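Accompanying notes for the structure given below.
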Amino acid sequence: MAEAPTLHAAPGITATVEHGLPVLSLRYFDAEGEFAAAAARAAGVPLPGPGHVVRSGPFIMAWRSPTETLCLAAQEAALAFIEQALADHPGGCTVELTGALSAVHLEGVRLDDVVSRLGGLAGAPAVGATARARLADVPVLVLRLETEGASLLVERPLAEHLEGWIRETLLDLA
Amino acid sequence: MMLLSCPWCGPRDENEFACAGTTHIVRPGPEVSDAEWGRYLFFRANPKGVHRERWRHVYGCGQWFNVARDTVTHQVLAVYRMTEPPPAVPGEGP
Amino acid sequence: MSGHRLAAPAGAFIDRSRTVEFSFNGRPYQGYEGDTLASALLANGVRLVGRSFKLHRPRGIWSAGAEEPSALVDVGSGARRTPNVRATLLPIVPGLSCVSVNCWPGVRLDLGAVNGFFAAVLPAGFYYKTFKWPDWHWYEPAIRRMAGLGVAPREPDPDHYEEVTHATDVLVVGAGLAGLASAVAAARAGARVCLLSGSAHCGGALGWRGDVEVAGLEREARALGVRILMRTVAFGVYDHNLVCALETVSEEGAADLPACVLRERLWKIRAHSVIAAQGAFERPVVFPDNDRPGVMLAHAALKYARAFAVAPGRRALLLANSDAGLALAPQLAACGIEIAAVADGRSQQVEVSAVHGARGVRGATLRAPDGSTERVHCDLILSAGGFAPAVHLHSQAGGRLRWIKDSAMFVPDGAAPGLWSVGACAGAFDRAQARAHAEGTGDALARGQPVPPPPVSGAGICPPARAVARVSGKQFVDLQNDVAAGDIALAARENYRSVEHLKRYTTTGMGTDQGKTSNINALILMGELTQRAAPEVGTTRFRPPYVPVSVGAVVGRRTGALYRPLRRLPAHEWHVGRGALFEIFGDWLRPAAYPLAGESLEAAAEREAHAVRSTAGILDGSPLGKLEVFGPDAARFLDYMYVGSMSSLAVGQARYGLLLNENGTVVDDGIVARLGAERFWVNTTTAGIERTQAAFEEWLQCEFVDFRVLVTPVTSRWANVTVAGPRAWAWLAAAGFDPALAPAAMKHMTLKDSRIEGVPLRVLRASFSGELGYEINLPALKSRWLLERLWSKAAGIGAVPYGIEALQVLRVEKGYLHIGTDTDGTTLPQDVGFARGLERKSVAFVGRRSLTRAAGRDPKRPQMVGLVPADATTVLPVGAQIADRPPPTLTQGHVTSSYRSPALGHPVALAMLADGAARTGDTVRVHHLGRSYAARVVALPFYDPKGSRLNG
Amino acid sequence: MKYSALALLRGALSGPDSWSPAWRSPEPKPEYEVIVIGAGGHGLATAYYLARNHGIRNVAVLERGWLGGGNTGRNTTIVRSNYLFPESARLYEFSLRLYESLTRELNFNIMLSQRGLILLAHSRHDLDAMSRWANAMRMNGIDAELLSRDEVAAAAPLLNLSPEARFPILGGFTQRRAGTARHDAVAWGYARAADALGVDILQNCEVRGFTRDAHGGVTGVETSRGPIRAGRIGIAAAGHSSVLARLAGFSLPVTSYALQAMVTEPTKPALDTVVLSPGTGAYVSQSDKGEMVLGASLDLFPSYAQRGSFALTQGILASTLAIFPSFSRLRLMRQWAGIVDVVHDSSPIIGPTPVPNLFINCGWGTGGFKGIPVGGWTLAHVLATGRSHELAEPFQLERFYTGRLIDEAAAAGIAH
């Protein structure tokens, strides 16, 4: 489903843009409750606490709010497994969001230099952490799973704006 | 630009949030008089000093929370979730 | 040629091996790399560099820093022209070209100087007292042309600006001795430290004096990992210790720049603690004609000599009103500037009673207390009236000030919240004490310990400024705005005595230098005139910015396309291929219509609307707001939110809803469909999604906290392809849609999940056109695929794509309201035909209580009606007012939507009309910009009142 | 003394001492017929019209700080009467007409500069909304014209006229009689004229409480300069209205916000009219000194701090560049904030309070400057007669109970 990624680069940093991320939203009333527990069983990992992200098998589980965890996977089919495991489970629901989000993946030693130039955060969150923040004046969920990499998740219609801001930032970094 | 501490996301710049004004307002039932309804809708203490207000982390987790803040110094005296009881803060008038 | 270059080793900042060519007022000059424009002009013997704001008096270079009131130039040309640049801060670069501001035709012969002849009738505030007859408008244009300084560029700025967010434990503002010492101490104690140096050199005043202590501290700071930002000036302290600073990245005015450079960088630094170490300004002496080119702040002259190897003159008269000023005489002499005389205003009370030389100083007359005078031949008068600590950041942060009488200066009174001052800006002028205090401050802040109070010492004795008595010649206090001691006396006489009145009435401190060398003297003079100490006159709270900052730098990347996000449809390219005419609707770029060659927007819309009524059309409705609402209390919650009962919906059914706020006004509308027992699909308007979602969350999180409901926005997940028209189903069937979606199998206002080629579809039968309609929601990135698939079958159907404009035509024919067009923020549901719906609904909903107040029951409320022009041909202008008589009169309402109806063959309009429901059949007058039209009030809808076309 | 060119000439010949104080600095008397709290434009105008229209000269204006030191000196100085609803239109048009004769009335040049106000239409929807607006104004007897894109371009050539602009300019509408006035001059002119009629302006006189009679009616005030008795008291304290109301024992439908504005360094004339772009929020004029006056926008949280948020500064400047891209290299020189009293419908409250003998003029929000003459006129009327002025009748506290709000902002989709 993903379209061809776009690439921008400056010394010490590259930015690739990916649309159509396979995403499933897990919504629940109680992060300690039955639905969250079932989700954890299906994903093979406890749901991450506030501000955290974990990788488990094909899944990346990212905290988004006290009642929502995003489940990302490389393939939409992998998400169907979670969706089925949670179907009609009380205390929550799943909402398909595939295609709703785009990502700008930043990689390189100048990761913090780029993130700190987007108007909101002084740098990328720590490895294993997420940050929902105002970057490039739009709401962004930053996921950090690598030392020299982070993914900026944004609603697809706003991705062009975030990408434009990052493109100019890289231009001026060069 | 104030720094507000979202109970979920931590300290962030003010422009990630939206303020909806005074919090802890009790919503009356439909049986009240026009005057009482009007007071509920529009009349506010508007203190010069400690103000209890609610904010939403619009650009972050989307959660509403309460803030006790001095409207003169902008000092934040307390931040608490909607479901938490209001903590006492210094300098709050009667 | 009085100014000249000094021999080495003077000139710590310049590189004599690199010559730089530049031009000033059209004449070529040479300087060295490292020179500022001011130092280079002085080295070339140029003294006259500008003209003052009001009187256009000749002015020279007054200072060597940010406090410069006089030496302002416009740099560059075209799109890169930058007005009002201080020559004292502008490095010269090859190709630099600049001109003096505020003079015509030139700085030497300036016709505006005629104002000088009338100076006596142009005292402070003269414009309040005259220009009243016949009218201010007679005089204003000429006054506007005389005012202003530089010339604003007329083309968009080609350069870039960026913004960096930074967080640190300790931020030190100023890299002089005190700043460096505190930064090093804080770093030694383990804190993350950031240090800002306003210039390209560390060390502040010591830096250009060749001090070795500075270099050692700078090395240590770097070794300790202190982040040092050079050429970065902190201009504002904002709430909760946000310090904003501006870094100069590219040189102003350089020739051969690329098409776009990164010009400046804005730093937003959130610091746990801020240490202000910005030093002090020199306070000038007040005397007659103290604005002549050749009059200069004494420390500035020393800086020019030491840092730039420039002597601003050959023979100097030093006016020293302070211990520190007197101490300059031997230092200046050592630099090769001959000291013709020293006037010790401190003890001997020697005053300057006259300055000789109109275009530049040629001498001065000194007057002793006994009245005897002495004429001194000099080409430079150096003014040393004492110090004014740079308390700006302290004051911005909310700190108080106290007055040190002996030194006639304000210093911080304790720390400001989150900000501590060290060094000269704290009043600590004794070098050893200042350094020790700065180190103690850095260390204490790093360790979270109490900070020691600054040692206010070393500034010496300095009597307050005063005007010279019994002399002619203006004694300037604020050079840029031409405020003289006499203006302050006038303000005192007229009772403009508080600092706020003084500033505003005389305009002291309101120039681009923001009074850095004038405010304190003005306070002192006013105090003396009114028998008060300076602090009783008041101190204004300093506000950002400390120095003027480029608008572009504050804005950063938020220009052009990045000003605000613009959203594109997921199938944008498909619409491009169909020849769409795009317009911005809200934040979305959408097809307004798909005009054929030579076709107008209106004609295209009518053609498209006609096609929808006769065959079928396809509309990209993807921006429509979408929410999924889940939970055991979801049905009850939606009942609260909408006028229209949602809990009674069966699974698969959909219903129209009107969303009100608590004040009863209509804020949005939409369609709610039931997906399951606890799950709903909510369509909002495109513009209304954010306010609807915010309202839902606020009610759930703040009021109905025991409701178990989860709201998930899914607007970006789903595209929406709307197919409408009598042949809509035929078209879908031809494209391979499931027969279960056929009108016979699927009722109007129902929703079904379906698939085509494995792609999930959420199909809603609804209609905003009055025709058989399908709103097909599908994964966003599949919409182009579906549009192409449908398009491949369009020819057989005679179908067209239709845009927003045709949609408007269709919905107006049906009398459907459009939120924000037919309604505004005062519309109640009973105004738009929902009076009965309100009566029917038994349960509570948000806003209901407000509808029954007196205003809601008023029979004269406007109500939505249909209008048909009496001549059946005129399209009634939107916004036209309805009234019995032409204006002025009381309006009865206005036209909200208006189109030519292709289905009816005549124009139709919607209007809000007072008591409109009772006026069906009446003829009303509609007024638009002096023209008047007759129109008939008709019942809605205009077209297909029975709704028979909904099923194809 | 009368101000004139001749007086300036006399002053030039005989020096500062030939001028007399613009107003006295009297000691408080123990009692006045009327006390007005707040020596901003509205309070001073109230005192002036009490004396001039009603012959009530035993009046004191009490000011915590310095006269004209609050919002009167902190706004963007724009005057206009481009209102939709007849109630607002009558009120603001009356005010504008008073402004048009104020310089001569007060013998003080307020530098009323009717250089016109242009509202920019960035979409066809905006054009329709402006058509409604302009026609409504004409219904109300006020000048209004719709402008084509070319007419807008001719009036303000530095506007971003590119069809590719994020906020393209399709046209606009103008009130040519709108413009600016020198804000300090309005306060000073009223102060001087009121003083000349015998009004005592008491600066540095903070009200700390009210004295009451047996029926709860106010009989005077406790101040930092001692108690002062009065028969009637009017409050004209803008952002501090709630503080005074609380002292008097009632509450108001008011929230105080910081309204931010700023100026750039002065340049030669580059903009000859006032430009407002509702779509971006940009509000730009050039002062006679040459500064670009930018703003004004509200920090959207309650505040009594007279400083603005940097985020909003950025927003205001970004909006300015969106419509005037060439202003990028101008420099921001001063930025400030005033505390404004915002009510739900952004319309003023002028009339009695729940407390007998106590009257109020507040709720002007971001638009108080243009309302100064009519605010003073109508508050003076109710103070003098006990009855609301006809123009002020729709603008009573009662409307917050009946729901008869006069919500221009909601109707026009633009904050006033």
Side-chain angles (χ1 to χ4, degrees), chain C residues 82-84 120-121 126-132 136 140 143-144 147-157 238 244 489-490 493-495 498 500-501 504 512 543-545 548-552 554-555 558-559 563-564 824-826 853-856 877-881 887-888 891 894 928, chain D residues 3-5 7-9 12 16-17 19 21-23 25 66 69 86 103-104 108-109 111-113 128 131-132 135-136 138-141 158 166 184-185 265-270 288-290 310 313-314 317-318 321-322 325-333 335-336 402-404 407 410-411:
Chain C
T82 308
N84 306 338
V121 290
F126 69 95
Y127 30 76
Y128 299 124
K129 296 170 178 165
T130 183
F131 303 136
K132 301 191 298 294
W136 169 242
E140 194 184 22
I143 286 177
R144 282 172 82 86
L149 291 169
V151 175
R154 302 184 67 85
E155 297 158 52
D157 190 345
Y238 296 86
C244 292
L490 179 64
R493 170 73 193 161
E494 295 192 277
N495 205 9
S498 81
E500 284 300 335
H501 291 165
R504 291 161 176 273
T512 62
R543 307 277 176 204
V549 292
S550 306
V551 170
V554 175
V555 169
R558 297 172 188 86
T559 60
Y563 165 56
R564 273 191 209 167
D824 61 32
T826 66
R853 292 173 302 189
V878 174
Q881 298 286 312
T891 184
H894 68 282
H928 177 70
Chain D
Y3 288 164
S4 65
L8 280 167
L9 199 59
D17 289 349
W19 296 100
W23 46 78
S25 293
W66 299 98
T103 286
R104 286 203 227 175
F108 202 100
N109 187 358
M111 294 176 234
L112 177 70
S113 174
D128 288 346
S131 165
R132 175 191 175 189
N135 280 309
R138 286 163 166 248
M139 280 286 152
N140 298 325
L158 295 187
R166 177 65 183 80
D184 292 329
E265 291 183 345
T267 63
K268 293 293 171 195
D288 286 340
K289 281 192 73 179
F310 187 67
T313 307
Q314 287 188 303
L317 294 180
L321 290 193
S326 64
F327 289 179
S328 172
R329 290 170 101 92
L330 302 186
R331 276 184 296 267
L332 171 67
M333 183 169 79
Q335 177 251 320
W336 65 89
T402 61
R404 294 187 196 279
D407 202 336

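Because only heavy atoms are used, hydrogens play no part in the values below, and waters and symmetry mates are left out as well, while side chains stay in. Nothing here was measured: the structure is a model prediction, and the numbers come from that model.
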Item to complete: Any chance you could lay out the side chain to side chain contact (heavy atoms under 4.5 Å, CB included) test for C:Val554 and D:Gln314, step after step, and finish with the verdict?
Response: CA-CA 6 Å; C:Val554 175; D:Gln314 287 188 303; 3.7 Å; yes
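Contact of C:His928 with chain D is made through backbone and side chain together, with heavy-atom distances under 4.5 Å. Of the atoms belonging to D:Phe108, heavy atoms from both backbone and side chain fall under 4.5 Å from chain C. In this structure, the portions of D:Leu332 lying under 4.5 Å from any heavy atom of chain C include both its backbone and its side chain. For D:Ala7, no part sits under 4.5 Å from any heavy atom of chain C, backbone or side chain. In this structure, the portion of D:Leu321 lying under 4.5 Å from any heavy atom of chain C is its side chain and not its backbone. Contacts between D:Asp184 and chain C at a heavy-atom distance below 4.5 Å involve the side chain alone, from C-beta outward. If you measure heavy-atom distances from D:Arg104 to chain C, the contacts under 4.5 Å come from the side chain alone.
In this structure a side-chain-to-backbone donor-acceptor pair under 3.5 Å is missing from D:Asn135 to C:Gln881. The backbone N or O of D:Trp19 sits less than 3.5 Å from a side-chain atom of C:Arg493, completing a donor-acceptor pair. Side-chain atoms of D:Arg166 come within 3.5 Å of backbone atoms of C:Arg564 as a donor-acceptor pair (strictly under, hydrogens ignored). In this structure a side-chain-to-backbone donor-acceptor pair under 3.5 Å is missing from D:Arg331 to C:Thr512. Using a distance-only test at 3.5 Å, with no hydrogens or angles considered, no donor-acceptor pair links the side chain of C:Lys129 to the main chain of D:Asn109.
A heavy-atom distance below 4.5 Å is not found between the side chains of D:Glu265 and C:Pro83. Looking at C:Pro887 and D:Asn140, their side chains never come closer than 4.5 Å, going by heavy atoms from C-beta outward. At a threshold of 4.5 Å between non-hydrogen side-chain atoms, the residues D:Trp66 and C:Arg504 do not count as touching.
Summarising the geometry of D:Trp23 relative to C:Asn495, their closest heavy-atom pair is O-ND2, 2.8 Å, with the distance given to 0.1 Å. Looking at every heavy atom in both residues, D:Gln335 comes nearest to C:Pro545 through N-CD, 4.3 Å. Pairing each heavy atom of D:Pro266 with each of C:Gly148, the nearest pair is CB-CA, 4.0 Å. Between C:Trp136 and D:Asp288, the shortest heavy-atom contact is CZ2-OD2, 3.2 Å. The heavy-atom pair separating C:Pro153 from D:Arg329 by the smallest distance is CG-CB, 4.3 Å. The minimum heavy-atom distance linking D:Arg132 with C:Asp824 is given by the pair NH1-OD2, 2.8 Å.
When the candidates C:Thr82, C:Ile143, C:Asn84 are compared by the number of heavy-atom contacts under 4.5 Å with chain D, C:Asn84 comes out ahead. Counting heavy-atom pairs closer than 4.5 Å to chain C, the top residue among D:Leu9, D:Thr313, D:Asp17 is D:Asp17. If you tally non-hydrogen atom pairs under 4.5 Å between each of C:Cys244, C:Pro888, C:Ser498, C:Pro156 and chain D, the highest count goes to C:Ser498. Among D:Pro21, D:Gly141, D:Gly290, D:Pro325, the residue making the largest number of heavy-atom pairs under 4.5 Å with chain C is D:Pro21. The residue among C:Ala880, C:Ala147, C:Ala489, C:Gly856 with the most heavy atom pairs within less than 4.5 Å of chain D is C:Ala147. For the options C:Val551, C:Thr559, C:Val555, C:Val878, heavy-atom pairs under 4.5 Å to chain D are most numerous at C:Val551. For the set C:Glu155, C:Glu500, C:Arg154, the count of heavy-atom pairs under 4.5 angstrom toward chain D peaks at C:Arg154. No other option in C:Thr130, C:Val121, C:Val549 has as many heavy-atom pairs under 4.5 Å with chain D as C:Val549.
Using cut-offs of 30° and 60° for the angle between ring planes, the C:Tyr238 and D:Phe310 rings count as tilted.
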